[in-house]
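In the text below, chain A, chain B and the rest are named by the order of the sequence lines, each starting its count at 1. Keep in mind the model is a prediction, meaning the values are calculated, not measured. Hydrogens, waters and symmetry mates are skipped; everything else that's a heavy atom, side chains included, is used.
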Amino acid sequence: MASIIEMPELVLEKIIEFSDLKAVLTLRQVCRDFRNFIDDLKDSKLPDSKFAQIEIISDKDEKKITFDLVGPDDSFYHFEYSEINNSRSFNGKITNMANLKIVDVAIQDLEWILKFQKSNLQRLYFHFDDFQLQTESSIHTLPIKLSNMFNASGRKIKTRELSIKTYHQSQLTPILPIADPEALKIIDLFRLETEIDMEIEIDEIVKSEQWKKAKEMNCDFHVVNLKVEDICHFSRYRVQSNTISARDLDFLKKAITSSSKFEYSWLAVNIFNENEEIFNLWGPAYLSGSSSLWYFRIKDSEENILVIDIQQVYNHIYFDVIETRNVPNRAIVHDYNEN
Amino acid sequence: MAPKKNSAKRPQPSTPKPSAPARIVKVQSSDGHILQADVRALLLSSTLAATIKGYDDENKPLEKLEVNNVVGFTLKLVLEWCEKHKEDDPAIAQAEKDKKNIFIPSWDRHFLTKLPMGNLFDLITAAYHLDITGLINYGCKTVANSAKGKSTEEMRELFGIPEPWEQPSTSTATWDD
């Protein structure tokens, strides 16, 4: 015997299990029998692609979708789907897609390649620059079609960090549920550089398991009707809103001083006009530059102190946990108060 | 006191057992070649082990084992591998049976990589028929390693796959069409 295709199926299965993703992709191309054999294998018989990062980018100007996958040992896979040329380019090989829609081809490819991903990703990054509905282009349907594909298969992606960069919340809401909530630690909601003061509502997002279980959240959209109850479980967060009340700041203070998990947060508001109320609640501040600072003891902690820094000039509000010895001498440290 | 306690715990060097004289039997390949092998080496093959047990249970003298699906050249390689591994702990092979990452010991790596691909395929297929877990694993891993970083053309040549005989279809969107 001189040909691999005459080997027993169990042996071929084992060879594929021991191979790396790149070799399996190449093997699929060597002949039709091999391709059918590989495509009929159960996911558990496929090798782990061990991708660390996957980036999915749509670009309305160039009318294209790209996938960049970074694997172990600096292996790198680049897929590009061009609507203008109606083609796919994979690691330099260009294929004409005839009468197929490139969005559908891209999603089908992604679904197939994700069968190999068994380890957790470090980061999954979406960049949707395609919201404007252009009648002749179907690229704007990518987020919703991705969402449909994941819903249909019941598959979730295990990733530590999920980043979505876009300029409309209609492209955030369908994507968040793609991430496996057990693996997800960090949620990033980023606006495209060109969009300043873009507003989003997070009423739907905050109900998701992904939101509730994540530890860190970074959002540089302006959140309309931000509710402090929806963000107080994060250890770290960055968020912007129109305004915040003294009562809400006090709620956050209470939540943080009674928790040992908090690390830091940054809150930017357009208007903050409850200075008087906050002084009534927290007493006189320690002043340093443009900062008004308050120090609070944390429940059951001798070493750490919560510092709240309201920067009047920029309307930035920082919450930070510092070591007790770093509290300025003249500052008042408020005792922990259960109520 | 402490050193005493330690030394008491240290495993005692076992007195070397007088090794039983090797039990040699003849093994005949499908093309009529007759080879000789130590029964302990043959026990690595689950199928041969069952045959040997059958003889022993019935107290029949075992003079010659017939292996009908392996040719002499390949059988010789199988026996060489088994001879090398006849003293392995069977638990190791069992533990590696379903593992995704296995390590090929240096002797095996050398033994397997020097073979032309066609002979390696025959050896793995023989190991499959004779159900020799360790040899199947190391063989498959060697094939997988040799495929790393190869282009489509290189793989066709390496694995003896003829040129594609079918025109790729355009009806399905898979990335190699």
Segment of A/Ser44 engaging chain B (4.5 angstrom heavy-atom cut-off): backbone
Heavy-atom distance under 4.5 Å to chain B: side chain of A/Leu12, backbone, both or neither? neither
Separation between CZ of A/Arg28 and CE of B/Met155, rounded to the nearest 0.5 Å: 13.0 Å
Rounded at 0.5 Å granularity, tell me how far CE in A/Met7 sits from OH in B/Tyr128. 11.0 Å
Does A/Glu9 have more than 12 heavy atoms from other residues, nucleotides or ligands lying within 6.0 Å of its CD? no
Heavy-atom distance under 4.5 Å to chain B: side chain of A/Lys22, backbone, both or neither? neither
How many angstroms lie between CG in B/Asn145 and CG in A/Asp20, if you round to the nearest 0.5 Å? 9.0 Å
Looking only at heavy atoms and a cut-off of under 4.5 Å, which of B/Asn137, B/Leu120, B/Val71, B/Ile136 has the most pairs with chain A? B/Asn137
Exceeds 12 heavy-atom contacts within 6.0 angstrom, atom NZ of A/Lys42: no
Identify which part of A/Lys101 has an atom lying under 4.5 Å from any heavy atom of chain B, answering side chain, backbone, both or neither. neither
Counting neighbours of NZ on A/Lys50 that are heavy atoms of other residues, nucleotides or ligands and sit closer than 6.0 Å, is the number greater than 12? no
Over 12 foreign heavy atoms within 6.0 Å of NZ, B/Lys84: no
What residue pairs, at least two apart or across chains, pass side chain to side chain donor-acceptor pair (under 3.5 Å) with a residue in residues 142-151 of chain A? A/Asp104-A/Lys145
Between A/Val30 and B/Phe159, is a side-chain contact (heavy atoms from CB on, under 4.5 Å) present by the stated rule, with each step listed? CA-CA 10 Å; A/Val30 300; B/Phe159 291 156; over 6 Å; no
At what distance, to the nearest 0.5 angstrom, does OG1 of A/Thr26 lie from NZ of B/Lys150? 11.0 Å
Counting only heavy atoms from other residues, nucleotides and ligands, does the tally under 6.0 Å from NZ of B/Lys76 exceed 12? no
Within 6.0 angstrom of A/Arg160 CZ, more than 12 heavy atoms from elsewhere: no
Considering all heavy atoms, the nearest A/Ile15-B/Ala144 contact: O-CB, 3.6 Å
Taken to the nearest 0.5 Å, the spacing of B/Asp122 CG from A/Glu6 CD works out to 9.0 Å
side-chain contact (heavy atoms from CB on, under 4.5 Å) between A/Phe18 and B/Val143, intermediate numbers included: CA-CA 9 Å; A/Phe18 287 145; B/Val143 174; over 6 Å; no
May I ask you to check whether over 12 heavy atoms, not counting those of B/Glu157, lie within 6.0 Å of atom CD? no
Closest-packed option against chain A by number of heavy-atom pairs under 4.5 Å, given B/Ala147, B/Cys140, B/Pro116, B/Gly149: B/Cys140
Cut-off 4.5 Å, heavy atoms of chain A, and the answer for B/Ser151 is backbone
What are the two closest non-hydrogen atoms of A/Gln29 and B/Arg156, and how far apart are they? O-NH2, 3.4 Å
What's the spacing between A/Leu10 CG and B/Thr125 OG1 if we round to 0.5 Å? 11.0 Å
